[in-house]
Amino acid sequence: MAQQPSIPKGTRDFTPTEMMKRNYIFDTIRSVYKTYGYLPIETPAMETLQTLMGKYGEEGDRLIFKILNSGDFKTSVESADYASATSLALANKFCEKALRYDLTVPFARFVVMHRNEIQLPFKRFQIQPVWRADRPQKGRYREFYQCDADIVGSDSLLNEVELIQIVDTVFCKFGINISIKLNNRKILTGIAEIIGEPDKIVDITVAIDKLDKIGIDNVNAELLEKGLTADEINTLQPIILLEGSNEEKFEKLKTILAPSETGMKGIAELEYIFGMLQNVSMQAAVQLDLTLARGLNYYTGAILEVKANDVEMGSICGGGRYDNLTGIFGMPGLSGVGISFGADRIYDVLNQLDAYPKDTKEATKLLFVNFGDAEVAYIMPIIAKLRKANIACELYPDAAKMKKQMQYANERNIPFVAIVGSDEIAQNKVMVKNMLTGEQTLMDKDELTSIHTA
RNA sequence: GUGCCCGUAGUUCAGCUGGUUAGAGCGUCAGAUUGUGGUUCUGAAUGUCGAGGGUUCGAAUCCCUCCGGGCACCCCA
């Protein structure tokens, strides 16, 4: 037997059925973005390696898919270097391009390159695939779509509020119950300050981020391992285990973080956001969650994450404020804030909930049975007219057995079949069969457009 | 990068203390029904048992290597 063809690990083909579901997801998100005034852009699948390296931390660098240079790349490395160089160093010589790892960094690059063409504040959305050389597992792919919306060039916290509204609207449309978790990087910084270990902020946040998963004892063990003293860990306990309503949490936090100016600023920012959200009716609960510590090292203010309530799945949407992302590309002082929907995880969640609207299952509305050229000649003008009226219809291409044609309609979820033979032609009518109920009605040619609403 | 589990018709799996010709459900195809699908009935096809090597009179079954898949950690959408 010939060798079975295959696709790379962590990538997927999408069948027509799957594509209709996926397009429903993209269309929904896109339409919400548009109603909030975001404009579409696209950027290339590949960026220069230089643009991407160093933006996602050490772990992120390792997960960037690099593209081998064309031509005789071997000459770019001296044989002496070859023996001593690390794989990473060699990769940097052999590759000057890489597949994008997310949409935020390419967007920052876009803003800097097009600074003279865009108007600030600039609101853009972008729905494109990204690639990560991760080991695939549940809810994790090597190629997946992100649906980003960002505002750059505005410090206003109203942007954060707006993005939360968007999140709520989108998941409302999908019918997915969610919790929105909110935190602020400044609060995390404040916490690190008051326990006297400002340098260990990353270790601390990474550890407390695992609270839900591994429990308080293991978190403390990890903190100890990272070099915190028992005293410092004790100071941290009331903060990690903070409970009650959002208001209660804020009150307690204000006392604890009083000595930290940064921490207090973070609290004030979040209080403003929560306050403004009172003015809009939200479906989802928004919770202050101090254990939320998104890994990306460019967030500086509010951070948010969305989890589905009824399905076991990693976060399906995330985002936050990054004050100086364009700075690394030579354009300092520009603040941005954005969110990203993980379309592929939303797809998995919707599949588990089976929460797709009916019409994502059907494409063609009406199939005309083919009895032969004489009948086709009668049908063709009718079909043309229906298509003009924006009704998706098709003619079975072969004069095959009727059974076969009916089967085709059935398998493709085509809701109506038009049967036109010599009898119908003689009466100048069309026989329409409703495939759901099995009912057949003899209709005038002009009546056919009414199935549009059926 | 680390650890664990799994590879048998298109698919989901059974068979695995080595022993004739490798099975089942679902799906596929054909017919019952030459102008009627989805239900029903009847019949049929389908496999280098992931690949290579070893042990044996004999391997889907035991051992080794490789390849592929899944899950968890790390990290993340």
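Labels below follow one simple rule: chain letters A, B, ... track the order of the sequence lines, proteins then strands, and each chain is numbered from 1. Since the structure is predicted, the reported quantities are computational estimates derived from the model, not experimental observations.
Pairing partner, G58(B): none, since no Watson-Crick or wobble contact has both distances short of 3.5 Å. Both distances falling under 3.5 Å, in either a Watson-Crick or a G-U wobble arrangement, place U40(B) opposite A32(B). Look at U48(B): it lacks any Watson-Crick or wobble partner with both distances under 3.5 angstrom. The pairing partner recorded for C67(B) is G7(B), the criterion being a Watson-Crick or G-U wobble arrangement whose two distances lie under 3.5 angstrom. For A72(B), the paired nucleotide is U2(B), the pair qualifying as Watson-Crick or G-U wobble because both relevant distances are below 3.5 Å. Base pairing of A14(B) is not made with any nucleotide, judged by Watson-Crick or G-U wobble geometry with both donor-acceptor distances under 3.5 Å.
As rounded to whole Å, 15 Å separates atom P of U34(B) from atom CD of Q405(A). Spacing between atom CD of E225(A) and atom C1' of C74(B) amounts to 13 Å, rounded to whole angstrom units. In this entry the distance linking CG of N218(A) with P of C73(B) reads 13 Å, nearest Å. Taking atom CE of M402(A) as the reference point, atom P of G37(B) lies 8 Å away to the nearest angstrom. With rounding to whole Å, E411(A) atom CD is found 12 Å from C29(B) atom C1'. Look at OH on Y378(A): it is 16 Å from C1' on G35(B), rounded to the nearest Å. The interatomic distance linking I303(A) (CD1) with A77(B) (P) rounds to 12 Å, in whole Å. Computed from coordinates, the F416(A) CZ to G38(B) C1' distance equals 16 Å when rounded to whole Å.
Within 4.0 Å (heavy atoms only), I419(A) reaches at least one base atom of the nucleic acid. Among the atoms of the strands shown, none is found under 4.0 Å from any heavy atom of G57(A). No engagement by C147(A) is indicated, since no non-hydrogen atom pair under 4.0 Å with the nucleic acid exists. Within 4.0 Å (heavy atoms only), Q440(A) reaches at least one base atom of the nucleic acid. Among the atoms of the strands shown, base atoms are found under 4.0 Å from some heavy atom of G139(A). If you check every strand for non-hydrogen atoms under 4.0 Å, S340(A) touches nothing. Within the 4.0 angstrom heavy-atom criterion, only backbone atoms of the sugar-phosphate kind lie near K138(A); the bases stay farther away. V417(A) comes within contact range of no nucleotide atom at all, as no heavy-atom separation falls under 4.0 Å. When heavy atoms are screened at a 4.0 angstrom cut-off, L436(A) is found touching base atoms of the nucleic acid. Residue contacts shown for S422(A) include a base, since a base heavy atom lies under 4.0 Å away. Note on K404(A): nothing from the nucleic acid sits closer than 4.0 angstrom, heavy atoms only. Across all strands shown, G314(A) has no heavy atoms under 4.0 Å from either base or sugar-phosphate atoms. Using a 4.0 Å heavy-atom cutoff across all strands shown, E424(A) reaches at least one base atom of the nucleic acid. No contact: K307(A) has no heavy atom under 4.0 Å from any strand.
Judged by distance alone, with hydrogens and angles left aside, R140(A) brings a side-chain donor or acceptor within reach of the base of C75(B), the pair sitting under 3.5 Å. For U36(B), its base never sits under 3.5 Å from the side chain of K403(A) at any donor and acceptor pair.
Heavy-atom neighbours of D398(A) CG from other residues, nucleotides or ligands within 6.0 Å: above the threshold of 12.
Residue K210(A) has its side chain nearest to C75(B) when only G35(B), C75(B), G37(B) are considered. Picking from G37(B), C71(B), C75(B) the nucleotide with the shortest atom distance to the side chain of R135(A) gives C71(B). Picking from C75(B), U36(B), U28(B) the nucleotide with the shortest atom distance to the side chain of D134(A) gives C75(B). In this structure, the nucleotide among G69(B), G37(B), A77(B) sitting nearest to the side chain of K9(A) is G69(B). Side-chain atoms of E59(A) lie closest to C75(B) of the nucleotides A77(B), G35(B), C75(B). Side-chain proximity of N410(A) to the nucleotides C75(B), G38(B), A77(B) is greatest for G38(B). Of the candidate nucleotides U36(B), G35(B), A77(B), A77(B) has the atom nearest to the side chain of R345(A).
Ring planes of Y322(A) and Y298(A): perpendicular class, angle over 60° (limits at 30 and 60°). Note: F171(A) and F341(A) have tilted aromatic rings, judged against thresholds of 30 and 60 degrees for the angle between ring planes.
Taking the charged nitrogens against the carboxylate oxygens, D446(A) and K385(A) do have a contact shorter than 4.0 Å, which makes a salt bridge. Remark: D150(A) does not engage K123(A) in a salt bridge, criterion side-chain N to carboxylate O under 4.0 Å.
The side-chain hydrogen bond (donor to acceptor under 3.5 Å, both in side chains) with D134(A) is formed by just one residue from the set R140(A), R62(A), R142(A); it is R140(A). Put simply, the residue from Q126(A), R124(A), E162(A), R30(A) that forms a side-chain hydrogen bond (donor to acceptor under 3.5 Å, both in side chains) with Y38(A) is E162(A). With respect to E47(A), the salt bridge (Lys or Arg N to Asp or Glu O under 4.0 Å) criterion is satisfied by exactly one of R109(A), R100(A), K97(A), K66(A): R109(A). Among R387(A), K365(A), R412(A), the one residue that satisfies the side-chain hydrogen bond (donor to acceptor under 3.5 Å, both in side chains) test with E394(A) is R412(A).
Straight-line distance between the P atoms of G15(B) and G53(B): roughly 28 Å, to the nearest whole Å. Rounded to whole Å, the separation between the P atoms of G47(B) and U42(B) comes to 25 Å. Taking atom C1' in both U28(B) and G10(B), the straight-line distance is 8 Å, to the nearest Å. Using C1' as the reference atom, A45(B) and U55(B) are 37 Å apart when rounded to the nearest Å. U65(B) and G27(B) are spaced 42 Å apart, taking the P atom of each and rounding to whole Å. Rounded to a whole angstrom, the distance from the P atom of G3(B) to that of A77(B) is 26 Å. Separation of the C1' atoms belonging to U8(B) and A22(B) is 8 Å when rounded to the nearest angstrom. The gap from the C1' atom of U12(B) to that of C66(B) amounts to 27 Å, rounded to the nearest Å.
Y101(A) and D61(A) share no donor-acceptor pair across their side chains, judged by distance under 3.5 Å alone.
Take the nearest nucleotide of RNA chain B for I316(A) and for E222(A): the residue whose nucleotide is more 5' is E222(A). In terms of position on RNA chain B, the residue among G421(A) and Q146(A) whose nearest nucleotide sits closer to the 5' end is G421(A).
Contact annotation: K401(A) side-chain N/O to U33(B) OP1/OP2 distance is not under 4.0 Å. Regarding contacts with the backbone of C71(B), every side-chain N or O of Q137(A) stays at 4.0 angstrom or more from both OP1 and OP2.
We find that the ring of F144(A) and the base of A77(B) stack, their centres lying under 5.5 angstrom apart and their planes tilted less than 30°.
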